[in-house]
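Every number for a ligand or one of its atoms is a count from 1 in the order of the listing.
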Amino acid sequence: MNIFAPDYYVQSFKTLNIRKLHEMGIQLLLCDIDNTLVAYDEEVPSQDVVDFIHKLKMNGIEVALCSNSPSSRGKNFGKHLPVSKTYPFSCKPFPFCFKKAMKDHGLKASQIAILGDQMYTDILGGNIWGLYTILTAPIAIKDRNITKVFRFFEELIYGYLEKKKILKRGEFDD
Ligand SMILES: [Mg+2]
């Protein structure tokens, strides 16, 4: 398997099949924030995000936030949501937040899924450390400057995955 290829590719968190995760034995969903749940300059979760997290919890899946953005951003966003933990400044794809999430929740990597919009952070990190990886199309075209750099390299990966017929941008599983 290619380390940049997600296990599951969705158009949005709103189209994610929660039952499928539940049936696979996933007990924790680690959610990226910027461009996964909201645009990076939106400070408060939308009602759709609140509903999504409630729905996960109703299906027996705990939710934690893990964001590479500065700590105040992650913490402030998490305050509005019924999440078990918020891991700000999480340095994905490095494993700090994944290991902390396993320890905090008493779970193995195979019981955790990560949902994010970036191949170089969310998907690469999740794949390397054995989580179930879910790639979503980014919510907005706008990005932080650092993310713009990653997006450039991401274009190359999309090209490679499309050539190998592993993943085609816009052809979602759900
Ligand atoms: Mg993101």
Side-chain angles (χ1 to χ4, degrees), residues 2-16 18 21 26 28-53 56 61-81 83-101 109 112-129 131-159 161 167 169-170 172-174:
N2 188 289
I3 53 167
F4 291 102
D7 295 307
Y8 183 23
Y9 180 34
V10 295
Q11 185 165 19
S12 153
F13 67 86
K14 289 181 264 184
T15 62
L16 191 151
I18 293 172
L21 296 191
I26 297 297
L28 174 70
L29 181 67
L30 277 175
C31 269
D32 172 51
I33 300 174
D34 294 337
N35 266 340
T36 294
L37 295 178
V38 293
Y40 84 89
D41 51 359
E42 280 175 50
E43 286 174 18
V44 179
S46 63
Q47 188 58 44
D48 282 341
V49 172
V50 176
D51 292 346
F52 173 61
I53 289 173
L56 283 157
I61 300 172
E62 194 54 77
V63 187
L65 302 175
C66 64
S67 171
N68 279 4
S69 65
S71 59
S72 58
R73 154 80 165 145
K75 280 185 188 154
N76 290 338
F77 192 85
K79 273 196 292 198
H80 300 277
L81 294 167
V83 292
S84 60
K85 290 274 177 190
T86 297
Y87 303 106
F89 200 55
S90 54
C91 302
K92 296 170 284 184
F94 296 103
F96 314 116
C97 75
F98 305 144
K99 290 197 168 167
K100 200 143 191 317
I112 303 174
I114 179 164
L115 169 67
D117 68 302
Q118 283 194 71
M119 281 178 173
Y120 273 91
T121 57
D122 309 304
I123 304 307
L124 175 64
N127 280 340
I128 290 175
W129 306 106
L131 278 62
Y132 182 77
T133 51
I134 310 167
L135 177 69
T136 175
I139 284 185
I141 300 163
K142 281 184 294 180
D143 273 315
R144 289 174 201 282
N145 285 339
I146 180 69
T147 308
K148 284 179 192 161
V149 177
F150 281 118
R151 293 281 184 218
F152 171 78
F153 291 105
E154 210 169 67
E155 284 301 312
L156 305 177
I157 299 296
Y158 270 110
L161 294 178
L167 174 142
R169 190 172 357 204
F172 304 106
D173 298 317
D174 279 314

Examine the side chains of [X] and [Y] and answer whether a donor and an acceptor come within less than 3.5 Å of each other.
X    : Y    : value
N127 : T133 : yes
T36  : D117 : yes
Y9   : D174 : no

* **Tally of protein N, O or S atoms, where distance to the Mg ion (ligand 1) is under 2.8 Å** =>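 Excluding waters, the total comes to 3.
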* To do: Check the pair L115 / F52 against side chain to side chain contact (heavy atoms under 4.5 Å, CB included), numbers first and verdict last.
  => CA-CA 13 Å; L115 169 67; F52 173 61; 4.1 Å; yes
* Asked: So, F4 versus Y120, ring centres under 6.0 angstrom or not?
  ->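 F4 vs Y120: aromatic centres under 6.0 Å.
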* To do: Look at atom CZ of F89 and say whether more than 12 heavy atoms of other residues, nucleotides or ligands are closer to it than 6.0 Å.
  =>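 No, because the 6.0 Å sphere around CZ of F89 holds 12 heavy atoms or fewer from other groups.
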